[in-house]
Amino acid sequence: MGKIFLEYLSGPKIYECAACHTHLADSDQIVSKSFQGRQGRAYLFETVANVSQGESEKRRLITGWHIVVDIHCNRCHSIVGWKYEEAFEENQKYKEGKFIIEKAMVVKQSAHAQDDWS
């Protein structure tokens with residue numbers, strides 16, 4: 001297995017994997033905080049970092065049928081959410097290409113804590 005290269009995100013609030021603290025998303029990329037995941041509340045992000053995608057599958061979610069792929073933390077391989085590949089309902093198309101990160105799977109780091117890393 002080769003060396004893992006991880007992207008370091010900078011911003012006022014960074015969401016990290018709860019298991020290993022790898023940076024996953026910047027709060028500036030949040031589209032909505034009004035989503036429901038498998039383990040409770042979830043956030044919809046425009047972009048994320050340091051994740052790998054699983055296999056595409058058709059899944060029935062609260063808002064209807066979608067093609068999604070689970071996303072895994074690149075460091076610890078925990079499933080942290082999923083990516084919307086395709087939405088079948090016209091009013092759900094805005095989700096395509098965006099990512100759900102489950103709140104239970106992340107911790108929020110503030111800018112002050114990031115300064116301690118240097």
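Each residue takes its place number in the sequence, starting with 1.
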Show, in sequence, the C-alpha distance, side-chain angles and deciding distance for Y84 and I100, and conclude whether the side-chain contact (heavy atoms from CB on, under 4.5 Å) test is met. CA-CA 8 Å; Y84 287 101; I100 287 289; 3.5 Å; yes
Test ring-ring contact (aromatic ring centres under 6.0 Å, His included) applied to Y15 and F45, step by step:
CA-CA 11 Å; Y15 289 87; F45 284 87; 5.6 Å; yes
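For the residue pair E16/Q109, the side-chain donor-acceptor check at 3.5 Å is satisfied. A donor-acceptor contact closer than 3.5 angstrom links the side chains of N74 and S52. For the residue pair T63/K95, the side-chain donor-acceptor check at 3.5 Å is satisfied.
Residues R38 and I79 approach most closely at NH2-CG2, 3.6 Å, considering heavy atoms. Between G11 and I14, the shortest heavy-atom distance links the atoms N-CD1, 3.8 Å. Nearest approach of L61 to W82, heavy atoms of both residues: CD1-NE1, 4.1 Å. Contact detail for A87 and Q92: the closest heavy-atom pair is CB-O, 3.4 Å. Annotation for S56 and I67: closest pair CB-CG2, 4.1 Å, computed over non-hydrogen atoms. Between W65 and F88, the shortest heavy-atom contact is O-CD1, 3.1 Å.
For E90 and K93, the salt-bridge test fails: no basic side-chain N is under 4.0 Å from an acidic carboxylate O.
Residues V31 and F35 share a hydrophobic cluster, clusters being chains of Ile/Leu/Val/Met/Phe/Trp/Tyr side chains in contact below 4.5 Å. Each of L9 and I101 belongs to its own hydrophobic cluster when Ile, Leu, Val, Met, Phe, Trp and Tyr are linked at side-chain heavy-atom distances under 4.5 angstrom. The same ILVMFWY cluster, assembled from side-chain heavy atoms under 4.5 Å apart, contains both V51 and V106.
The closest side-chain heavy-atom distance from E57 to H66 is not below 4.5 Å. Side-chain contact between E96 and E86 is present, with at least one heavy-atom pair separated by less than 4.5 Å. Side-chain contact between V48 and V80: absent, with no pair of heavy atoms (C-beta onward) separated by less than 4.5 Å.
Under the 3.5 Å distance criterion, the side-chain polar atoms of H23 are left unmatched by any main-chain donor or acceptor of H21. Of the possible donor and acceptor atoms, one in the side chain of S32 sits under 3.5 Å from a partner among the backbone N and O of S34. Not one N or O on the side chain of N50 forms a donor-acceptor pair closer than 3.5 Å with the backbone of L24. Remark: the backbone N or O of G81 is not paired with any side-chain donor or acceptor of E102 at under 3.5 angstrom. Formation of a donor-acceptor pair under 3.5 Å by the R41 side chain with backbone atoms of K33 is found in this model.
Remark: Y94 OH to L44 CG distance equals 6.5 Å, nearest 0.5 Å. Interatomic distance, CD of Q29 versus OG1 of T47, reported as 3.5 Å (0.5 Å rounding). Atom CE of M105 sits about 6.5 Å away from atom SG of C17, to the nearest 0.5 Å. Separating the OG1 atom in T22 from the CG atom in L6 is a distance of 5.0 Å, to the nearest 0.5 Å.
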